[in-house]
Engineer: 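Just dropping this structure here.
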2 protein chains.
Amino acid sequence: MTGPPTTTQARTRAERLRQELREEIVTAAFEEFSQRGYHDTGIADIAQRLGIGHGTFYRHFKNKRDILDHVVDGLLARILEALAAENAPDAVDTLDEYVEQCRRISGALSEIFSADPRVARMLLLEATSIDAELTERVLGLFDTATALTAAYFMHGRELGYLRADLDVDGTARAVVGVILANLLQGLRTPADREAQRRTADAGLRLMFDGIARR
Amino acid sequence: MTGPPTTTQARTRAERLRQELREEIVTAAFEEFSQRGYHDTGIADIAQRLGIGHGTFYRHFKNKRDILDHVVDGLLARILEALAAENAPDAVDTLDEYVEQCRRISGALSEIFSADPRVARMLLLEATSIDAELTERVLGLFDTATALTAAYFMHGRELGYLRADLDVDGTARAVVGVILANLLQGLRTPADREAQRRTADAGLRLMFDGIARR
DNA sequence: CGGTTCGGAATGGCATGTCACTTCCTGAAG
DNA sequence: CTTCAGGAAGTGACATGCCATTCCGAACCG
């Protein structure tokens, strides 16, 4: 009935140490995977980074694929948490409020992605090519983002501050594409935060006003 | 000085046959790589698909990585060709003409990507995780697309049919993101061409007019 | 018949996962 | 407070299987 606590506090000192090592392994694996790539990383590399024997690794994780899941779990959780925290389509009643809300979401995302380009590297470049199940989880994240966006659009269209003829679903997908463009910018110019901010701003402006002269 | 002809016509019958087989191998490799993934595909799989011994493979290509380059070369060439064929920023003098032009480009791209979802699979999901050089080539394609788009924007801003305060570069990146959204849609619903057309339309509309009520 | 191409058995190297052994920790008993 | 026993965690040599690549006898062409 108990089972080993995962995020919860561990009772005994030994348990706490064990838990700590587990997390260190996940972190080390993330670093190796996101930099060398999954296939070019050996269990030995992960172990060596921590100065442990690679046999020890297998005391904590079933196999290489298993830890990859844990790494991705952590990243997806962080992202979903950020999205969920800001999510409140019904609390937005005017265009200006929605712009503000989008800025908040944009900020929360760049908090995650700009702060560490390896996150985008891992999710966009690596995790999409391991197997169908993992690819599905990453693409599923995009679907989730699309759905969240679509909820805002639906609300805004009803309240009349968005175009009446807005194709909610198709446009939501396009907007997720704009977010993607920001992640790519983060991959291209990891150091240049300023460029990232400008791309984000341009994306937001495009989203609301388009490119045509009014 | 001669070197083996690649696209050119072959003199002798043997050379022609050899050239044909080369192309068949590239095609077979594309099919395997895009479906199973690069790492899960063995040279033997490619050879078997063609009913040749896998030793024969090495008569035509240096190694596994080598043929991957040829596969990607072919795909990139097709895409760049399509983009170059439609490219003519200076011939576009009004907003309507630019809309029309974008529709053409969008059409040319879906000609390639919607017709065969494996192209997007290969480039977006597989090719980004092999090594730095290949990743660079794929991301470089996005940069090229961004540059082409930016040229149109510059022109349109000068002629006054696009917003005067348009951030040319940042917005171009965002628009490439919208294109990316279309590719993802193609991956998600490969069979549903109608959904893809709707996403493309919504993307174009977003690009020109944004979501806000006018 | 030279020479060229084919094919698939053999090779080599490498990374994963196992296991028998060692080390360390902890809690209890003296 | 010290000692000790039991068990948990750590370790890295080793077994295993896999696959890219090589190589040489066979088939085939001209």
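What's counted below: heavy atoms across the whole structure, side chains too, no hydrogens, waters or symmetry copies. Lettering follows sequence order; numbering is per chain, from 1.
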Engineer: What is the nucleic acid contact for A:Arg18, judged by heavy atoms within less than 4.0 Å: base, sugar-phosphate only, or nothing?
Structural biologist: sugar-phosphate
Engineer: To the nearest Å, how far apart are B:Arg59 CZ and D:dC28 P?
Structural biologist: 16 Å
Engineer: Remember a base hit wins even if backbone is also touched, and classify B:Gly55 as base, sugar-phosphate or nothing at under 4.0 Å, heavy atoms.
Structural biologist: base
Engineer: Do B:His54 and C:dG7 share a donor-acceptor pair, side chain to base, under 3.5 Å?
Structural biologist: no
Engineer: Output the rounded distance in Å from CD (A:Glu20) to C1' (D:dG10).
Structural biologist: 17 Å
Engineer: How many whole angstroms separate atom CD of A:Glu24 from atom P of D:dG10?
Structural biologist: 11 Å
Engineer: Figure out the NZ/P separation between A:Lys64 and C:dA15, and round it to whole Å.
Structural biologist: 9 Å
Engineer: How many Å lie between CG on A:Asp40 and P on D:dA20, as a whole number?
Structural biologist: 14 Å
Engineer: So what does A:His39 hit on the nucleic acid, given a heavy-atom distance under 4.0 Å: a base, only sugar-phosphate, or nothing?
Structural biologist: nothing
Engineer: Please report, rounded to the nearest Å, how far the C1' atom of C:dG7 is from the CD atom of B:Gln48.
Structural biologist: 14 Å
Engineer: Assess A:Arg22 against A:Phe61: is NZ or CZ under 6.0 Å from the centre of the six-membered ring, and within 45 degrees of the ring's axis?
Structural biologist: yes
Engineer: Can you check the B:Glu32 CD to D:dC19 C1' distance for me, whole Å?
Structural biologist: 15 Å
Engineer: Can you check the B:Leu68 CG to D:dA20 C1' distance for me, whole Å?
Structural biologist: 15 Å
Engineer: Classify the angle between the aromatic ring planes of A:Tyr98 and A:Tyr152 as parallel (below 30°), tilted (30 to 60°) or perpendicular (above 60°).
Structural biologist: parallel
Engineer: Compare side-chain N and O positions of A:Thr56 against OP1 and OP2 of D:dT11 and report whether any pair is under 4.0 Å apart.
Structural biologist: yes
